[in-house]
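Letters A, B, ... are given to chains in the order of the sequence lines, protein chains preceding strands, and every chain is numbered from 1.
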Amino acid sequence: MRTSRINIDYTINSGQVFLWEKIDKNWYGINGKEIFCIRQNPFKLSSSTKKSSDLFRQTDNVEKILKNISKDEIVRASTKKFQGLRLIRQNPFQCYISFICSSNTNIKNIKQMLQKLCKKFGRQVKFEEKYFFTFPDPQTLANASLRDLLSCGLGFRAKSVKKASKDVIVKKVDFDHLKKIDYITAKETLKSVRGIGNKIADCILLFSLEKLEAFPIDRWTWRILKKYYSEKFELQNKTLTEKKYEEIHEKIVEYFGPYAGYAQQFLFKMERDLNQKKWL
DNA sequence: TACTAACCTGTACG
DNA sequence: ACGTACAGGTTAG
């Protein structure tokens, strides 16, 4: 539990969260109704709520996990290069909506959409002499008009966001329940929601529902897999179809083990940095 | 089952 | 400047 070993820049700039802003040396972030302020050196973490959530999964035995996923030189190199990169435990509803918004767009745009959603539908709060907007409730987004959602730049995602929020209200999607059940079943439930396919379901499961075997395969992860694991996972000139995704995921978990999601995070960070992609 | 195109929108290139 | 391509994907056909 040595918090000083968390690398905040790496962790925030690794595609898992969007509503974070660096002001001077402090990172400010929105996690549901909670506002965080985090500084690297000296390490300091403060939260707007009395009992702050375990954002950095400090109960995970990271040393053991990293050892466990280091099955080859590729992962070993990425964990070494990005020492201190962690998975963030996110507010499930915010995570769910964030990744529904992520489809077919880039980080900058996702951030913009979410900021507008907060500003329009969230609550303004003062924290450490600054003003922030919390992430809206399921009820608020379920009741929002399509017109208002569109004004946040959601485009074709607006309909999905509204419907997905309704699914939470009617308990078709119950995050507490999804946390308790197994990966496969939880994923099935998520995939039945409009706007959620394999990749987005895996992001939600990994980043907010305690499913560390989830291994989201997007454009970049796919690229890595083809580059380094083509033979191991038999990816020769395959396209990532619905069926293949599941097949490949099984092989991945078999190989990387129950903490495969951690491996994904390091690999993803490595490949994007290598290609000089922009972060927050 | 596998593949393809369309999808809103903002932005980065040319 | 202005237009075109593309972005961490999903869905419909």
Derivation and outcome, ring pair (Phe, Tyr, Trp, His ring centres under 6.0 Å), residues A/Phe266 and A/Phe82
CA-CA 7 Å; A/Phe266 282 96; A/Phe82 298 104; 7.5 Å; no
Dot-bracket notation for DNA chain C is requested: 5' to 3', Watson-Crick or G-U wobble pairs only, both distances under 3.5 Å, with ( ), [ ], | and . as defined.
.||||||.|||||
Can you tell me the distance, in whole Å, between the [atom1] atom of [X] and the [atom2] atom of [N]?
X	N	atom1	atom2	answer
A/Lys163	C/dT10	NZ	P	17 Å
A/Glu247	B/dT1	CD	P	12 Å
A/Lys244	C/dG9	NZ	P	19 Å
A/Phe18	C/dA7	CZ	C1'	12 Å
A/Ile204	C/dG9	CD1	P	14 Å
A/Tyr245	B/dT1	OH	P	19 Å
A/Glu246	B/dT1	CD	P	13 Å

So A/Lys199, base contact, sugar-phosphate only, or nothing? Heavy-atom distance under 4.0 Å.
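Base, at least one base atom sits under 4.0 Å.
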Are A/Phe256 and A/Tyr229 an aromatic pair by the rule of ring centers under 6.0 Å?
yes
On a whole-Å scale, what distance lies between the P atoms belonging to B/dC8 and C/dG13?
14 Å
For C/dG9 versus B/dT1, give the span between their P atoms, rounded off to a whole number of Å.
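Nearest-Å result for C/dG9 against B/dT1 at atom P: 23 Å.
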Does [X] use its side chain to pair, donor to acceptor, with the backbone of [Y] at less than 3.5 Å?
X	Y	value
A/Lys251	A/Lys232	no
A/Gln40	A/Ile8	yes
A/Arg272	A/Lys278	yes
A/Lys162	A/Ala144	yes

How long is the straight-line distance from [atom2] of [Y] back to [atom1] of [X], given to the nearest 0.5 Å?
X	Y	atom1	atom2	result
A/Lys33	A/Arg123	NZ	CZ	7.0 Å
A/Asp202	A/Lys191	CG	NZ	8.5 Å
A/Ile6	A/Ile88	CD1	CD1	9.5 Å

Are more than 12 heavy atoms from other residues, nucleotides or ligands located less than 6.0 Å from atom NZ of A/Lys159?
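No.
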Output, in order, the C-alpha distance, side-chain angles, deciding distance and verdict of salt bridge (Lys or Arg N to Asp or Glu O under 4.0 Å) for A/Lys180 and A/Asp176.
CA-CA 7 Å; A/Lys180 288 179 205 147; A/Asp176 287 332; over 6 Å; no
For B/dC3 and A/Thr239 - does any side-chain N or O of the residue sit under 4.0 Å from the phosphate oxygens OP1/OP2?
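Looking at the OP1 and OP2 atoms of B/dC3, one of them is under 4.0 Å from a side-chain N or O of A/Thr239.
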Protein-nucleic acid N or O pairs under 3.5 Å, nucleotides 7-10 of chain B:
residue	atom	partner	partner atom	Å
B/dC8	O4'	A/Phe156	N	3.1
B/dC8	O2	A/Arg157	NH1	2.7
B/dC8	N3	A/Arg157	NH2	3.3
B/dC8	N4	A/Asn104	ND2	3.1
B/dG10	O3'	A/Gln112	OE1	3.4

At a heavy-atom distance below 4.0 Å, what parts of residues 210-232 of chain A sit against DNA chain B?
none
Listed partners of A/Asp72 passing salt bridge (charged side-chain N to carboxylate O under 4.0 Å, His left out), at least two apart
none
Could you list, one pair per line, each protein nitrogen or oxygen that sits under 3.5 Å from a nitrogen or oxygen of nucleotides 11-13 of chain C, together with the distance?
residue	atom	partner	partner atom	Å
C/dT11	OP1	A/Gly195	N	3.0

Would A/Asn68 and A/Tyr262 count as having a side-chain donor-acceptor pair, cut-off 3.5 Å?
no
Qualifying ring-ring contact (aromatic ring centres under 6.0 Å, His included) pairs with a residue from residues 104-124 of chain A, counting only residues at least two apart or across chains
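Output for this query is empty, none listed.
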